[in-house]
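We name chains A, B, ... by the order of the sequence lines, and we start the count at 1 in each one. When reading the values below, keep in mind they use all heavy atoms of this one structure, side chains included, and skip hydrogens, waters and symmetry mates.
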2 protein chains.
Amino acid sequence: MQNSEAMALSAALLAVAGELTRRIHDGVVARGFEGLRPAHGFAFARLAPDGATVTDLAVHLGVTKQAASQLVDELVRKGYAARRPHPEDARARLIVLTESGWGCARAAEEAAAEAVRGWDAALTEEELRVLRETLLRIAPDGPIRPTW
Amino acid sequence: MQNSEAMALSAALLAVAGELTRRIHDGVVARGFEGLRPAHGFAFARLAPDGATVTDLAVHLGVTKQAASQLVDELVRKGYAARRPHPEDARARLIVLTESGWGCARAAEEAAAEAVRGWDAALTEEELRVLRETLLRIAPDGPIRPTW
DNA sequence: ACCATATAGTCAAACAACTTGACTACCTAC
DNA sequence: GTAGGTAGTCAAGTTGTTTGACTATATGGT
């Protein structure tokens with residue numbers, strides 16, 4: 001593949017990612033969850049399964065733990081997350097989603113589904129399936145970070 | 001497609017985009033172009049063909065023209081771009097890439113090609129081609145913005 | 001059991017990117 | 001020619017993040 005083709009692929013990927021991020025964010029806002037930025041969504045992704053510590057979050061987001069701590073402050077203040085004592089380490093705290101936080105996570109899923117449905121006009125169901133599988137194959141195991 | 005599948009697709013897409021951005025940035029730095037952030041890359045994308053005005057850039061990046069102007073200041077100070085008088089409008093200035101700026105743009109293409117080659121381990125040449133065409137079909141016409 | 005060292009988290013100050021507000025120079029249309 | 005709009009910049013304020021310093025708890029060696 002030529003350099004220019006690789007760049008075209010990259011640009012398309014980044015354009016789609018940017019647009020998707022914007023749509024998910026708008027969809028979440030439209031469902032009544034305000035005061036959140038896309039960066040919070042990346043935190044939710046890490047918190048959702050079983051909670052996480054501030055340090056876990058910091059690594060996941062690629063920021064300092066101070067920044068992660070402030071982000072958690074914000075989520076707690078807005079009622080989306082809560083700090084609970086960590087069951088195995090008295091120094092640490094387990095950050096978990098509240099009911100409202102789970103509602104927001106569901107809203108994000110709905111918004112994502114809605115955004116993806118918007119691609120139906122350009123892609124068949126089969127192409128969409130192939131796209132998903134292809135991306136899952138090259139997606140890094142690691143964290144989702146808003147690098148730029 | 002179920003909501004959770006759409007979310008998995010979205011997460012994979014964002015993870016790949018984040019990783020790709022990081023790799024391109026690292027590759028550009030490795031080629032000796034320093035003091036640049038990924039955001040500058042998005043500006044380059046708009047400046048590269050024929051230059052652009054500050055207002056064009058601001059719209060493209062989704063920021064205020066003051067922010068775009070500051071970003072141009074930085075590129076000029078670092079020797080990647082220059083402000084030239086606009087041929088048709090004495091109020092405006094045409095921002096163009098310098099030789100060093102073009103060198104950086106080429107470095108970004110090489111870095112992108114290198115990053116994409118890293119996917120060869122997981123994808124066949126044919127799958128890569130399909131991925132590129134699929135993404136180009138759903139990529140918005142609009143600007144590439146670092147929305148998050 | 002004790003001490004040295006490392007880790008989890010927070011507070012505070014410094015910093016960087018961006019926004020809002022105000023202004024000048026130039027363009028465009030009536 | 002004059003009124004209103006647009007391109008760009010300067011300055012100040014806001015926001016998110018980092019760097020530095022500190023406390024509390026954990027861990028490993030002796």
Side-chain angles (χ1 to χ4, degrees), chain A residues 18 21-22 25 29 34-44 46-47 50-78 80-96 143-148, chain B residues 18 21-22 25 29 34-44 46-47 50-78 80-96 143-148:
Chain A
T21 302
R22 196 185 58 74
H25 182 251
V29 171
E34 300 197 12
L36 291 172
R37 287 168 293 121
H40 294 125
F42 298 103
F44 271 62
R46 185 70 183 75
L47 294 177
D50 305 296
T53 66
V54 164
T55 300
D56 287 340
L57 253 186
V59 171
H60 176 77
L61 296 174
V63 298
T64 61
K65 54 186 183 174
Q66 292 91 326
S69 186
Q70 283 182 225
L71 193 144
V72 169
D73 278 345
E74 218 180 324
L75 291 179
V76 169
R77 185 155 23 86
K78 290 174 178 164
Y80 296 118
R83 285 187 167 95
R84 310 270 271 141
H86 195 287
E88 294 164 15
D89 189 336
R91 294 171 302 179
R93 305 196 191 184
L94 194 63
I95 317 299
V96 297
I144 306 176
R145 312 179 189 184
T147 315
W148 64 66
Chain B
T21 302
R22 196 185 60 74
H25 182 251
V29 170
E34 301 196 12
L36 291 172
R37 286 168 293 123
H40 295 125
F42 298 103
F44 272 62
R46 184 70 183 76
L47 295 177
D50 306 295
T53 66
V54 164
T55 300
D56 287 341
L57 253 186
V59 171
H60 176 76
L61 297 173
V63 299
T64 60
K65 54 188 183 174
Q66 291 91 326
S69 186
Q70 284 180 224
L71 192 144
V72 169
D73 278 345
E74 218 179 323
L75 291 179
V76 170
R77 185 155 22 87
K78 290 174 179 164
Y80 296 117
R83 285 187 168 93
R84 312 271 272 142
H86 195 286
E88 295 164 11
D89 189 335
R91 294 170 302 180
R93 305 197 191 183
L94 194 62
I95 317 299
V96 296
I144 307 177
R145 311 181 190 182
T147 314
W148 65 67

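The interatomic distance linking B/Arg37 (CZ) with D/dT18 (P) rounds to 13 Å, in whole Å. D/dG20 atom C1' lies 12 Å from atom NZ of A/Lys65, rounded to whole Å. The interatomic distance linking A/Asp73 (CG) with D/dT17 (P) rounds to 13 Å, in whole Å. The distance from atom CZ of B/Arg83 to atom P of D/dG8 is 9 Å, rounded to the nearest whole Å. Rounded to an integer number of Å, the gap from NE2 of A/His86 to C1' of D/dA26 is 13 Å. Atom P of nucleotide D/dG8 and atom CG of B/Leu71 are separated by 14 Å, given to the nearest angstrom. Atoms CG (B/Leu57) and P (D/dA7) sit 13 Å apart, rounded to a whole Å. Rounded to a whole Å, the NE2 atom of A/His40 is 12 Å from the C1' atom of D/dT15.
Among the protein residues, A/Ala90 comes within range of the sugar-phosphate backbone only, with heavy atoms under 4.0 Å from sugar or phosphate atoms but none that close to a base. In this structure, B/Ala92 reaches the sugar-phosphate backbone alone: every heavy-atom distance under 4.0 Å involves primed, P, OP1 or OP2 atoms, never a base. Looking at heavy-atom distances under 4.0 Å, B/Ser69 makes contact with sugar-phosphate atoms alone, never a base.
For the side chain to side chain contact (heavy atoms under 4.5 Å, CB included) criterion with B/Ile95, the lone passing option out of B/Val72, B/Asp56, B/Leu71 is B/Val72.
Taking every heavy atom of both residues into account, A/Pro38 and A/His25 meet most closely at CD-CD2, 3.8 Å. Taking both residues in full, the closest heavy atoms of B/Thr53 and B/Ala92 are given as CG2-CB, 4.3 Å, listed atom of the first, atom of the second, then distance.
Separation of atoms OH (B/Tyr80) and CG (B/Leu36) is listed at 4.5 Å; rounding is to 0.5 Å. Atoms CG and CZ, on A/Leu75 and A/Arg83 in that order, are 9.5 Å from each other to the nearest 0.5 Å. With rounding to the nearest 0.5 angstrom, the NE2 atom of A/His40 is 9.5 Å from the CG atom of A/Leu61. For the atom pair CZ (B/Phe42) and CG (B/Leu47), the distance works out to 13.5 Å, reported to the nearest 0.5 Å.
Counting 5' to 3', DNA chain C first comes under 4.0 angstrom of a heavy atom of chain A and last does so at the ends given by C/dA6 to C/dC11.
Within the 4.0 Å cut-off from OP1 or OP2 of D/dT18, at least one side-chain nitrogen or oxygen of A/Thr64 is found. Close to D/dG8, at under 4.0 Å from its OP1 or OP2, lies a side-chain N or O of B/Thr53.
Between B/Gln70 and B/Ala52, the one whose closest nucleotide on DNA chain D sits nearer the 5' end is B/Ala52.
Closest to the side chain of A/Gln66, out of D/dA7, D/dG20, D/dG16, is D/dG20.
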